[in-house]
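This report refers to the structure that appears directly beneath it.
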Amino acid sequence: MTLFDSPSFAQHEGVHAFFDEKTGLKAIVAVHSTARGPAVGGCRMWNYGSSAEALEDVLRLSRGMSYKNAVADLDMGGGKSVIMGDSRTQKTPELFRAFGRALNTLGGTYYSAEDVGVSVEDIAEARKETPYVVGLSGGKEGSGDPSPVTAEGVYRSTLVAARRLWKQDDLTGLTVALQGVGHVGGYLADKLAKAGAKLIITDVNTQALEEVAARTGAEIVAPDAIYDVQADIYAPCALGATLNEKTLDRITARAVVGAANNQLATPEIGLELFRRGVLYAPDYVVNGGGIINVASEMRARETGGSYDPQWVEGKVDRLMQTLEEVLERSDAEKRPTHEIADAIAEARINAARDEKEAQRKAA
Ligand code: NAD
């Protein structure tokens, strides 16, 4: 297994492997950056084919969290953790308690939360052993399910795109192709329909599809057909890498605004979208509402206060200003939006690093 020569290694501050014999826990925590504050990012439980695969994933995901937290202007760095195993068959409360004990050894450098394969209940189990987890339900600090706030951010990002491309303040007359009507996609569908959009939806879960269609009047299409429908906006809210060489020519929407992480299969796809005049709203800007919600819990913990919806609202608002800045700079500098978002995130991370360094020297 390689680390420092891995293509996904990006000057990570720390990479920690944990094994617990009794529970079978095999976990890797990657702390990409603590320049802006403690590293925060979810824990993914996945049946990786090898530990090399798990390492690649956690390196890539933790770097992504540094960028997402920086563009959301949160006082948090980026980190992520992975647990190797099948979340349907190998989960036990003891496993997550062992994970919690492992986090204690990092002393608060990294805070974990839910991600693919890890639920609020699992994190609550880890919480019995460690304070270094967030995304809990209940209590005055608990931020609960982040999906409604994520959906609100995606919705407002869609309005930003509509204002730029169609000079309108709502979505009347626009068709949105929505892929995935799960936690985020379900809330998003309601908001889009209320703002006047016509919806074309797909999912592999037919029950969820029918429920959303009954509420919103959406047209249902088969999963693969979503790339071929006539729509103004494509909203990927299911899987990553759906913008790829195979789908690029099929998608005719003028804007892509969705919740899914890592929508671009490669950076070149982002460049190609830009060349074709498609407004790509960078995924980690659009979907930052969820981590903002979690950050409110961190903040409540630090200050002894409560989860604060007004603070969350202010941060989501600022995130939308950052999206506007990304789109304006993309036009002015004639560069793809994902590059501009990366540049903004890197500038914020580097500024925080320099400030810390100056403080260290002055002390
Ligand atoms: P979810 O699992 O609740 O919903 C995903 C939906 O996609 C499910 O209904 C699933 O059946 C459907 N799906 C799976 N494969 C599909 C396919 N091939 N075609 C069509 N639909 C398919 O997840 P979620 O929490 O709603 O998150 C959606 C996306 O947004 C994910 O990529 C997630 O990483 C990202 N995201 C979520 C949040 C959040 O707050 N939940 C925050 C940031 C990013």
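Atoms within a ligand are numbered from 1 in the order they appear, just like the ligands themselves. Any value given below was found using the heavy atoms of this structure, including those in side chains, with hydrogens, waters and symmetry copies removed. Nothing here was measured: the structure is a model prediction, and the numbers come from that model.
Checking Val133, Val134, Asp308 one by one against Glu297, the side-chain contact (heavy atoms from CB on, under 4.5 Å) holds for a single residue, Val134.
Under a 4.0 Å N-O distance rule, the pair Arg276/Glu272 qualifies as a salt bridge. Ionic pairing of Glu152 and Arg156 is present here: one or more N-O contacts between side-chain nitrogen and carboxylate oxygen are shorter than 4.0 angstrom. Looking at Lys246 and Asp224, no side-chain N of the basic residue comes within less than 4.0 Å of a carboxylate O on the acidic one, giving no salt bridge. Looking at Asp232 and Lys198, no side-chain N of the basic residue comes within less than 4.0 Å of a carboxylate O on the acidic one, giving no salt bridge.
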List ligand 1's nitrogen or oxygen atoms that come under 3.5 Å of a protein nitrogen or oxygen, with the partner atom and distance.
{"residue": "ligand 1", "atom": "3 (O)", "partner": "His183", "partner atom": "N", "Å": "2.9"}
{"residue": "ligand 1", "atom": "3 (O)", "partner": "His183", "partner atom": "ND1", "Å": "2.6"}
{"residue": "ligand 1", "atom": "9 (O)", "partner": "Asp203", "partner atom": "OD1", "Å": "3.3"}
{"residue": "ligand 1", "atom": "9 (O)", "partner": "Asp203", "partner atom": "OD2", "Å": "2.7"}
{"residue": "ligand 1", "atom": "11 (O)", "partner": "Asp203", "partner atom": "OD1", "Å": "2.6"}
{"residue": "ligand 1", "atom": "26 (O)", "partner": "His183", "partner atom": "N", "Å": "3.1"}
{"residue": "ligand 1", "atom": "26 (O)", "partner": "Val184", "partner atom": "N", "Å": "2.8"}
{"residue": "ligand 1", "atom": "30 (O)", "partner": "Ala259", "partner atom": "O", "Å": "3.2"}
{"residue": "ligand 1", "atom": "32 (O)", "partner": "Ala238", "partner atom": "O", "Å": "3.1"}
{"residue": "ligand 1", "atom": "34 (O)", "partner": "Asn261", "partner atom": "ND2", "Å": "3.0"}
{"residue": "ligand 1", "atom": "40 (O)", "partner": "Thr150", "partner atom": "OG1", "Å": "2.6"}
{"residue": "ligand 1", "atom": "41 (N)", "partner": "Ser147", "partner atom": "OG", "Å": "3.3"}

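Aromatic ring orientation, Tyr132 versus Tyr111: perpendicular (interplanar angle above 60°, classes split at 30° and 60°).
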